[in-house]
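Below is one structure, written out as structure tokens; the observations come after it.
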Amino acid sequence: MTPRPSSSGPDPEETATKKAAAKETTTTGKKATAKKAAAKKTVAKKAVAKKAVAKKAAAEKTVGKKSVAKKSVAEKASGSRAPGRKASGKKAVPAAVRPVETPASPALDAADRERLLAGTHHDPHTVLGAHPVPGGVAFRVFRPYALAVSVLTGELRTELRDDGDGFFSGLLPLGEVPAYRLLVTYEETVQEAEDPYRFLPTLGDLDLHLIGEGRHEQLWQALGAHPTVHEGVAGTRFTVWAPNARGVRVAGGFNFWDGTGHPMRSLGATGVWELFLPGIGAGELYKFEITRPDGSRTFRADPLARRTEVPPATSSVVHASDYTWGDAQWLARRAEAPAHEAPMSVYEVHLPSWRPGLTYRELAEQLPAYVGDLGFTHVELMPVAEHPFGGSWGYQVTGFYAPTARLGDPDDFKYLVDRLHQAGIGVLMDWVPAHFPRDDWALAEFDGRPLYEHSDPLRAAHPDWGTLEFDFGRREVRNFLVANAVYWCEEFHIDGLRVDAVASMLYLDYSREPGQWTPNEHGGRENLDAVAFLQEMNATVYRRVPGVVTVAEESTAWDGVTRATHHKGPSGFGGLGFGLKWNMGWMHDSLQYMSHEPVHRKYHHGEMTFSMVYAYSENYVLPISHDEVVHGKRSLVSKMPGDWWQQRANLRAYLGFMWAHPGKQLLFMGQEFAQGAEWSEAHGPDWWLLDPEYGAAADHLGVRDLVRDLNAAYRATPALWRCDTHPSGFAWVVGDAAEDNVLAFLRLDADGAPLLAVSNFAPVVRHDYRLGVPDDVPAWHEALNTDAARYGGGGVTNPDPVKPEALGWHGRPASIRLTLPPLATVWLRPA
């Protein structure tokens with residue numbers, strides 16, 4: 001292995017000249033001793049070093065082994081006088097009356113050598129570097145593969161003794177540790193460098209205290225790899241939490257992936273290991289070489305790495321961001337209204353496959369324009385955190401603090417978020433704190449024992465995905481995850497986190513058979529540690545980052561998912577503190593209803609109305625997500641019965657119903673233009689369906705035009721979102737017309753201004769269909785009709801304003817008669 005050449009280093013001839021001049025000031029007796037030592041050194045140099053290094057050694061006079069020669073060098077370095085030499089007006093103290101101090105041996109003892117070689121030393125800084133000892137200052141250097149090491153102090157150079165196995169030492173009779181650098185000779189190069197073991201720790205007491213307490217809310221600023229200037233020297237601080245490790249070393253491209261010479265020090269009971277490496281900057285690859293309790297070694301990626309190699313490579317990358325944000329205006333107004341009282345229409349995107357092959361920066365030129373044109377208020381990005389297997393879609397994370405390198409570096413991802421914000425589009429991100437994969441270079445048994453995962457194998461193993469569950473009861477693990485949630489919001493300006501697989505976290509018996517789980521301390525099946533973690537995460541994120549929203553993908557009827565954490569419910573638990581929750585019940589029931597042939601729908605009418613029984617139990621999002629259009633579930637349009645025309649009509653009617661129903665909307669990419677095939681991460685949406693050269697392109701463009709108009713009408717109609725989470729914002733007109741397959745309801749804003757939504761899920765036109773309405777609206781006009789010809793429908797509309805009649809109907813004082821198009825949804829507003 002040949003270390004990289006250094007651009008700096010002393011000129012051999014200049015150094016030799018200075019040494020020759022210094023030699024003339026010594027006494028005759030010292031000359032003889034120094035010459036003899038120099039001759040011996042020259043012979044040794046010629047045997048092991050290249051010609052240039054040997055010439056330098058022959059021209060220089062290094063410090064001799066005898067104490068007389070050492071004392072002379074020390075005097076010259078400090079400007080002191082030789083023994084017995086008089087100063088002006090003063091007498092020298094005779095040597096015979098001064099106390100004699102026995103010099104200490106500078107060499108490491110056998111135990112320290114063995115621990116350093118084995119990678120099990122907890123505090124290498126106490127034995128390496130420069131340390132005051134009896135007789136002066138001991139210098140000890142551990143540089144495997146070096147041929148020689150010298151200490152440079154000012155203009156003087158002192159060569160250290162080669163103690164074997166890469167250890168070098170020397171004793172200089174100095175009164176205090178000087179400023180110094182090292183000159184290291186390898187086979188083909190000479191490097192001048194700082195000594196990493198001369199520096200104080202880079203982490204302060206407050207950081208260590210917060211880490212120990214599990215309360216460091218900006219953990220990423222303390223742990224990981226950080227380019228910094230420490231004690232006036234530029235380099236990188238490496239820190240990692242590995243409490244069970246017998247030793248930790250840093251390995252990377254800068255030491256040819258041999259961490260032997262770069263052992264880290266343990267910072268007390270926190271389990272944190274630290275090392276500042278001068279001269280290392282952004283872009284360097286690295287891992288931690290951990291000696292496990294059984295003595296074996298493992299190379300691990302940094303859990304808090306902010307950048308990684310492109311998979312399948314697994315190294316961490318030292319990163320320093322220099323991105324300048326341009327979204328101050330967006331952030332300033334983000335907190336003006338809470339999410340549940342504002343319009344939110346979400347376009348779910350898998351970035352690697354939306355337009356395959358595009359980088360973050362290329363996506364930034366296309367995605368904001370596309371989403372903005374369709375009128376969505378937000379995008380939701382499927383997990384962007386680094387993951388080894390693309391087929392997991394990002395849901396099996398190994399780099400929790402690093403955007404995937406497949407599409408660019410972290411600053412490139414910031415650019416994408418920035419451009420979306422500047423286009424007026426919020427950014428939600430899927431976040432996966434439930435579990436992590438078992439890859440042996442990542443988090444699993446990170447330091448040789450269960451650390452991030454639970455120590456109980458039954459609690460650690462996720463039964464569905466072959467992964468490991470986090471130990472939410474361990475404060476350092478909770479800290480790792482809570483800080484991670486804050487990290488994405490603060491560092492990347494993410495506007496919200498959609499938390500994946502919450503149900504699997506909340507229940508000890510989730511997907512487990514009897515005997516495979518242990519009840520909690522109260523005998524129940526609730527995972528109390530996970531409850532506490534989610535409450536802490538939500539409370540911390542909302543406190544630190546105004547205007548963000550957290551969204552739970554929670555598929556059960558857990559009480560209080562979106563209730564405040566300090567408000568206890570009937571179960572005795574405080575709320576989990578989420579802002580919104582995915583309404584999985586509505587999604588399942590409504591899709592089940594739509595999959596039936598219209599002739600059978602009257603028997604399943606309750607599947608469309610039951611959601612209103614619990615609509616205000618939580619703050620809901622209506623999700624038609626990626627999970628519903630993969631693995632044999634078929635795309636959204638393909639779920640619909642009938643021929644191609646009926647399938648599209650059913651889809652349009654369903655989207656109209658969905659946008660009018662209480663709750664926020666989420667639609668997965670490709671469904672906005674009625675893609676017929678299931679989504680695949682290998683090729684993404686079938687954009688060719690929109691190509692004008694394709695014969696049926698108009699069918700798909702019509703559905704996309706409908707989505708655009710739905711979003712425009714939705715955003716312009718406060719009745720559809722202002723009171724989304726309050727019963728006053730909804731009123732049934734008719735919810736029991738099962739024989740007709742008709743549903744009609746009013747949406748109301750805070751001032752009572754209405755929107756009337758009517759869905760006819762039968763394939764027949766219903767003429768003069770009477771509906772009860774309020775008597776204070778003089779006329780209604782059609783604001784949207786999913787059967788409009790421009791959407792690909794039959795064009796059955798109500799073109800003229802519809803005036804109420806003084807005929808009570810459906811329990812209301814007035815009524816109107818409408819023409820209901822087949823398989824369609826109609827919205828009407830006061831004229």
Side-chain angles (χ1 to χ4, degrees), residues 330 333 336-337 339-349 366-380 420-428 495 621-622 624 636 648-649 651-674 690 698-724 729 745-750 753-759 780-793 795 797-799 801 821 824-831:
W330 168 270
R333 68 171 189 266
E336 290 178 353
H340 62 278
E341 295 180 359
M344 179 180 283
S345 175
V346 184
Y347 183 64
E348 188 187 23
V349 180
Q366 297 188 33
L367 184 61
Y370 182 81
V371 175
D373 174 65
L374 290 184
F376 288 97
T377 66
H378 290 72
V379 293
E380 180 175 312
L420 285 161
H421 283 171
Q422 291 176 40
I425 300 165
V427 182
L428 310 178
D495 301 295
V621 174
L622 311 179
I624 302 299
L636 187 55
R648 288 182 291 119
L651 172 60
R652 294 192 304 268
Y654 180 69
L655 292 175
F657 171 79
M658 172 181 173
W659 255 252
H661 191 284
K664 313 307 179 184
Q665 297 81 39
L666 179 140
L667 190 65
F668 183 61
M669 64 185 195
Q671 312 315 301
E672 78 274 14
F673 58 83
L690 303 175
D699 296 346
H700 300 278
L701 288 167
V703 175
R704 192 172 70 171
D705 289 343
L706 170 65
V707 171
R708 181 187 296 109
D709 290 350
L710 283 170
N711 278 327
Y714 168 75
R715 296 175 76 164
T717 309
L720 292 173
W721 44 265
R722 179 72 72 191
C723 299
D724 241 353
F745 52 84
L746 292 168
R747 295 298 309 279
L748 307 163
D749 70 11
L755 177 137
L756 175 62
V758 186
S759 295
W780 299 81
H781 76 91
E782 195 172 85
L784 184 138
N785 186 326
T786 66
D787 192 53
R790 66 181 181 277
Y791 303 142
T797 64
N798 296 273
T825 293
V826 178
W827 292 0
L828 298 102
R829 284 193 294 215

Exercise for the section: Look only at the side chain of Gln665 and the backbone of Gly663, and say whether a donor-acceptor pair between them is shorter than 3.5 Å. Expected result: yes
Exercise for the section: Return yes if some donor-acceptor pair links the side-chain N/O of Glu672 with the main-chain N/O of Gly670 below 3.5 Å, else return no. Expected result: yes
Practice task
Return the minimal non-hydrogen interatomic distance between His340 and Lys664, and the atom names on each side.
Solution key: O-NZ, 3.3 Å
Handout entry: Plane angle bin for Tyr347 and Tyr370 - parallel if under 30°, tilted between 30 and 60°, otherwise perpendicular
Key = tilted
Exercise for the section: Drop me the distance from Ile624's CD1 to Tyr654's OH, to the nearest 0.5 angstrom. Expected result: 3.5 Å
Exercise for the section: Search all heavy atoms of Pro830 against all heavy atoms of His781 and return the closest pair with its distance. Expected result: O-CD2, 3.6 Å
Handout entry: Within-4.5 Å side-chain heavy-atom neighbours: Pro821 and Val826
Key = yes
Handout entry: Reported NE2-to-CG distance for the pair His700 and Asp705, which is rounded to 0.5 angstrom
Key = 13.0 Å
Problem - Pairwise distance CZ(Arg829) to CD(Glu782) - rounded to 0.5 angstrom - result: 11.5 Å
Problem - Contacts of His421 that satisfy side-chain hydrogen bond (donor to acceptor under 3.5 Å, both in side chains) - sequence neighbours left out - result: Asp327, Trp330, Asp495
Problem - CG on Leu667 to CD on Glu380, rounded to 0.5 Å - result: 12.0 Å
Problem - Which atom of Asn785 lies closest to which atom of Ala824, heavy atoms considered - result: OD1-CB, 4.4 Å
Handout entry: Close side-chain approach of Val346 to Val621, heavy-atom, < 4.5 Å
Key = no
Problem - Backbone of Gly375 reached by a side-chain donor or acceptor of Arg715 within 3.5 Å - result: yes
Exercise for the section: Considering non-hydrogen atoms only, spot the tightest contact between Trp780 and Leu746 and give its length. Expected result: CH2-CD2, 4.1 Å
Problem - Closest non-hydrogen atom pair between Gln671 and Val703, with its separation - result: O-CG1, 4.4 Å
Exercise for the section: For residues Asn798 and Leu828, determine if any side-chain heavy atom of one lies less than 4.5 Å from a side-chain heavy atom of the other. Expected result: no
Exercise for the section: Report yes if the side chains of Leu367 and Ile425 come closer than 4.5 Å at any heavy-atom pair, otherwise no. Expected result: no
Exercise for the section: State, without any angle test, whether Asn711 and Ser345 hold a side-chain donor-acceptor pair at a distance under 3.5 Å. Expected result: yes
Handout entry: From Leu690 atom CG to Asp699 atom CG, the distance as rounded to the nearest 0.5 Å
Key = 11.0 Å
Problem - Donor-acceptor pair, side chain of Asp724 and main chain of Glu341, under 3.5 angstrom - result: no
Exercise for the section: Please report the shortest heavy-atom distance between Phe657 and Ser759, naming the atom on each side. Expected result: CB-OG, 3.7 Å
Problem - Heavy-atom side-chain proximity of Trp659 to Thr825 below 4.5 angstrom - result: no
Practice task
Could you check if a side-chain atom of Arg747 sits within less than 4.5 angstrom of a side-chain atom of Cys723, using non-hydrogen atoms only?
Solution key: no
Handout entry: Phe673 and Val707, any side-chain heavy atoms less than 4.5 Å apart
Key = no
Problem - Validation row: Leu706, Leu784 side chains within 4.5 angstrom (heavy atoms) - result: yes
Fill in the blank from the handout: Value for OG1 (Thr717) from CG (Asp749), rounded to nearest 0.5 Å, stands at 9.5 Å
